[in-house]
> 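Starting off with a structure, shown below.
These numbers were taken from a predicted model, which means no experiment stands behind them.
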Amino acid sequence: MRANLPGGAPETVDAEVTSVLEGAAARVSGVKSIRSQSEENSARTVVEFRPGVDLDVAASEVRESVNQVRRELPEEVEQVNVVKADDDARAVLDIAVSSDSLSLEELTRRLETDVAPEFLSIDGVADVRLNGARERVLRVAIDPLKLSSFGLSVTDVADALRQAPFDVPAGSLRSTDQRIIIRADATSVTAEQVENIIIEADTRVGDVAQAYFGPADASSFVRLNGKPVVGVGVIRQAGSNTIEISDQALAMLERLRQRFPDMEMKVTNDDALFIRKSVTEVITTLAITIALVVATLWVFIGSFRATIVPALSIPVALFGAISAIWLMGFSINILTLLALVLATGLIVDDAIVVTENIQRRRGMGLGPRAAAVLATREVFFAVVATTAVLVAVFVPIAFLPSTAGRLFREFGGVLAAAVIISSFVALSLVPAFTAKLPKDAGRRNIFRPIGHWFKRGYEKTLHKALNFSWVIVAASLVAAIGAGFIYDRVASELLPSEDRGVVRVFSRGPDGVGLNFMDRQTRQLEDILIPYQEAGVFDSIYTVVGQWDVNLSFITANMQPWEERDISQQQVIEEIRGPLSQIPGAPGRAFGSNSLDVRGGQGGGAVEMAITGENYTDIFNAAQEFTAAVVQQAPQLTNPDISYQPTQPQLRFKIDRRRAAELGVSLSDVSTTLRAAINGDDVADLNVGDQRIPVILQTRVGSIQSPQDMQNLYVSSNSGELVPISSVAEIVEEGVSAELERHGQRRAIEVQFEIPEDYPLSEATEILRNIAQEELPAGMGLLFLGEAQTFEDTNREVAMTYILAFLIVLLVLAAQFESVNSAVVVMLTVPFGIAAAIYALFLTGISLNIYSQIGLVMLIGLLAKNSVLLVEFADQLRDRGNSVRDAIEQAASIRLRPIMMTLVSTILGGLPLILSTGAGAEARNSIGWVVFGGLGLATVFTLYLTPVLYLWLARFTKPRADESARLSRELEEANESA
């Protein structure tokens with residue numbers, strides 16, 4: 001929500017506008033957070049809703065709520081705009097426009113009337129923002145000396161100018177045959193006509209002022225590679241698709257280039273570029289993964305014809321998963337594609353188990369059809385159980401109401417769909433095709449001797465492991481405890497540092513500086529980046545000076561495509577961070593962005609927070625003490641920045657109400673006079689042709705150069721006499737903050753610290769929270785913002801996700817095995833597998849982020865899946881009369897081949913993720929290392945710890961066959977007694 005209060009100081013805007021708008025927004029259901037900024041003349045409130053809320057409905061409710069409190073706002077407040085835009089309202093597409101033949105006012109008019117509406121017509125676009133534009137205005141420059149000599153005041157001139165666009169309907173004359181419309185028209189459309197407007201008696205506007213057309217005052221400067229341009233920013237609606245907007249906008253841009261050949265338009269930033277590149281990279285990874293998995297099957301099976309059967313499940317399951325993406329309303333994005341990559345290794349698992357068992361039974365002498373039926377029946381339970389385990393891991397997570405839940409939902413939904421489809425294929429198509437294979441398919445496998453050697457070695461080592469089972473358990477416990485200690489040393493953050501091919505530089509100058517000062521300092525920042533552009537690292541440097549405030553500047557440096565450069569975004573940021581921070585008056589801070597597009601955090605090279613309280617002065621004092629304590633106790637957190645700085649010079653005209661009343665001076669006349677004298681007052685709008693041109697009343701350039709000059713201005717009294725402003729007001733010099741913030745409907749001051757690239761966000765938030773508890777006085781709170789806030793929320797819910805996944809898998813297994821004992825055996829290996837994944841993260845230096853956490857949750861299902869194959873077959877052997885020891889040894893030996901095939905196919909399925917480079921590689925690496933490293937190391941636990949735990953625990957339960965026989969006997973006895 002945005003509202004303008006002309007002439008309003010930040011304190012006035014905060015008390016009379018912002019607090020009212022926040023109260024209106026708070027009444028709407030589904031609000032997650034509210035934050036606001038109050039500046040001179042304007043208020044901006046951002047309302048963030050919980051995931052799942054329909055934003056169209058929410059936006060309507062917000063507008064309705066604002067309309068209800070409209071009367072509580074000051075009369076001068078212009079229309080409150082409610083825009084359904086993204087959280088930070090940053091443009092997803094930036095275009096630099098310039099022209100050699102058009103003036104700046106003409107270029108601005110064309111962009112406003114012809115270009116911006118075209119982009120706004122694109123579905124999903126919330127707003128189009130122009131930077132560096134200067135519209136055409138009519139200036140009326142008063143000479144204060146002439147004005148006083150004619151005995152007139154500024155308000156007299158303003159009242160006369162308000163009649164300049166005089167054009168009103170007066171009705172119509174009607175007769176029996178015709179109707180004539182009557183209009184009263186005294187419109188002035190030229191500077192001469194405006195100067196001829198009568199103020200009083202024979203005094204014209206031209207007698208005391210000069211009227212002329214010209215550009216509006218510059219509120220921002222925009223440059224592309226040092227050349228002045230006008231920036232067009234396309235802002236997307238929340239929930240819309242960036243790639244669709246980009247595709248339509250780029251097509252629109254081509255049509256506009258043909259339509260306006262006198263304008264040069266260049267795209268300086270396109271968020272869709274990274275997404276497109278990432279999607280392309282993941283599709284390439286998917287193709288490599290499919291090839292690797294099929295090659296793995298061929299190595300194990302040894303026959304091309306036999307390899308085709310399990311490989312057939314890959315296209316069926318993948319196409320089925322893509323259909324599921326459409327049915328569930330998901331999009332083809334990085335997470336859904338990553339799910340397809342990892343699914344490729346999983347979906348052949350069930351087919352491998354069925355195919356291998358059918359071939360084994362045929363080798364025992366059974367006919368092809370009998371082998372297909374009996375072998376499929378033998379592994380039917382294992383296939384269903386493993387599928388149920390994987391689905392049980394991901395489906396409940398989809399209901400988490402947060403960022404984590406939304407990420408897990410898409411990833412898990414696609415993976416679950418692929419696995420379910422693959423199990424249907426494994427139990428239907430695979431037996432039918434395997435029955436058609438020749439009996440000796442795969443017998444001539446050149447790798448067969450290696451397999452036999454590995455199997456004999458495993459049987460021997462397993463026999464010894466079961467003899468000294470306590471050694472295996474003790475070693476596993478030591479490994480798990482070691483992982484517990486290492487866990488604290490694994491960096492924890494929301495997202496890995498990503499190379500998105502864009503370096504951004506933010507600079508804030510002192511409050512009270514002018515646009516020209518910031519422009520000079522920003523040019524020094526550009527000078528640091530230019531050598532990188534000359535060296536071919538940067539493609540373009542796009543600068544906006546004064547984007548939101550006069551003392552702020554942003555530079556966006558687009559890097560060359562990933563494959564065309566040797567240096568990463570992070571390396572450039574580290575190299576320029578030092579020189580940028582040395583610029584006097586307006587030091588720069590370089591940062592990148594992240595996939596979730598949350599503000600601050602390590603994507604921005606900083607951790608952000610807000611200190612809330614009742615009084616800005618008290619909060620500011622507490623913030624100073626807090627930052628001093630942080631710098632002293634945590635030297636890793638550097639360059640503290642407090643958003644509230646009472647350094648904006650302000651001249652307060654303290655009006656004596658009694659004196660003004662005695663002299664008959666209206667307070668509104670005083671404000672009108674001061675506004676016109678200082679910044680110029682927008683008093684009317686002229687309609688010239690089809691153009692609306694504001695009429696700006698101001699004093700002649702150079703007439704107001706000091707506070708004393710303002711005291712010499714005159715206002716009219718009720719009697720018509722002129723009264724100097726100095727008679728009713730005195731000037732007080734003071735320092736104020738140029739911007740006031742609010743969070744959670746409380747007054748707040750934002751604090752920011754820079755953190756090193758390799759410093760864990762979890763440690764930073766923990767240290768800051770501890771210091772806040774010690775330093776902040778009672779009644780004040782600390783709220784983390786941006787990435788730190790999302791990290792905290794996600795961290796809490798991901799911990800719950802692990803527990804939920806573990807419990808649900810345990811319950812599903814217990815129901816399927818009809819035995820808690822067997823389910824416990826399977827689940828006891830899972831924590832040790834997670835420990836293996838932690839070792840993998842620690843050894844590779846990968847952080848524990850949202851992507852690696854997705855991999856860990858997936859790992860719970862994968863580890864349980866492999867243990868099910870062992871335990872389920874051992875239970876079958878016990879039902880046939882084998883002892884616990886014989887059952888588990890025989891089950892481990894027979895199931896070794898399918899377990900190793902499924903493990904290797906899944907592990908190699910993660911290998912391309914590790915080796916991938918380019919756009920979005922950091923996310924792929926994180927998940928890849930968890931699956932590749934975690935599952936690889938966890939193989940030892942699956943092959944040795946699971947049999948040991950089964951040996952220890954299975955002796956306490958009777959075989960299912962015994963229980964079934966006992967039930968039959970009891971039922972027979974019951975029937976006989978009846």
> Report, as yes or no, whether the 6.0 Å neighbourhood of atom CZ on Phe424 holds more than 12 heavy atoms from other residues, nucleotides or ligands.
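Counting other residues, nucleotides and ligands, CZ of Phe424 stays at 12 neighbours or fewer.
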> I'd like to know if the side chain of Thr387 and the backbone of Val383 have a donor-acceptor N/O pair within less than 3.5 Å.
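It does hold such a pair.
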> What's the shortest heavy-atom distance between Arg2 and Val83, and which atoms?
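Looks like NH1-CG2, 4.0 Å.
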> Side chains of Val57 and Phe49: closer than 4.5 Å at any heavy-atom pair?
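Heavy-atom side-chain distance check fails, nothing below 4.5 Å.
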> Applying side chain to side chain contact (heavy atoms under 4.5 Å, CB included), run through Leu93 and Ile245 and close with a yes or a no.
CA-CA 9 Å; Leu93 187 74; Ile245 291 173; over 6 Å; no
> Could Asp270 and Arg276 be called an ion pair, given the rule that one side-chain N must be under 4.0 Å from one carboxylate O?
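Result for this pair is yes, salt bridge flagged.
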> Using the rule given for side chain to side chain contact (heavy atoms under 4.5 Å, CB included), can you reason through Thr336 versus Met328, listing the C-alpha separation, both sets of side-chain angles and the distance that settles it, and then say yes or no?
CA-CA 12 Å; Thr336 50; Met328 290 186 282; over 6 Å; no
> Using the side chain to side chain contact (heavy atoms under 4.5 Å, CB included) rule, take Thr376 and Val430 through it: C-alpha gap first, then chi angles, then the decisive distance, then the call.
CA-CA 9 Å; Thr376 304; Val430 169; over 6 Å; no
> Are Val92 and Ser246 side-chain neighbours, meaning at least one heavy-atom pair lies under 4.5 Å?
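A side-chain contact under 4.5 Å is absent here.
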> Does a side-chain heavy-atom distance below 4.5 Å link Val232 with Leu130?
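Result yes, sub-4.5 Å side-chain heavy-atom pair found.
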> Within the distance-only criterion (no hydrogens, no angle test), does the side chain of Arg63 pair as donor or acceptor with the backbone N or O of Val82 below 3.5 angstrom?
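Confirmed, Arg63 side chain pairs with Val82 backbone.
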> Which heavy atom of Ala317 sits nearest a heavy atom of Ile421, and at what distance?
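Nearest heavy atoms, Ala317 then Ile421: CA-CG2, 3.7 Å.
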> For the residue pair Leu250 and Val267, establish whether any side-chain heavy-atom pair is separated by less than 4.5 Å.
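Sidechains of Val267 and Leu250: in contact.
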> Taking the side chain as everything from C-beta on, heavy atoms only, tell me whether Val502 gets closer than 4.5 Å to Asp271.
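Answer no - side chains too far apart.
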> Can you confirm whether Leu427 sits close enough to Val384 that some side-chain heavy atom of one is under 4.5 Å from a side-chain heavy atom of the other?
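They are in side-chain contact.
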> For a 4.5 angstrom cut-off between non-hydrogen side-chain atoms, does Asp94 reach Thr556?
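They are not in side-chain contact.
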> Report yes if the side chains of Arg236 and Val234 come closer than 4.5 Å at any heavy-atom pair, otherwise no.
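No - every pair of side-chain heavy atoms lies 4.5 Å or more apart.
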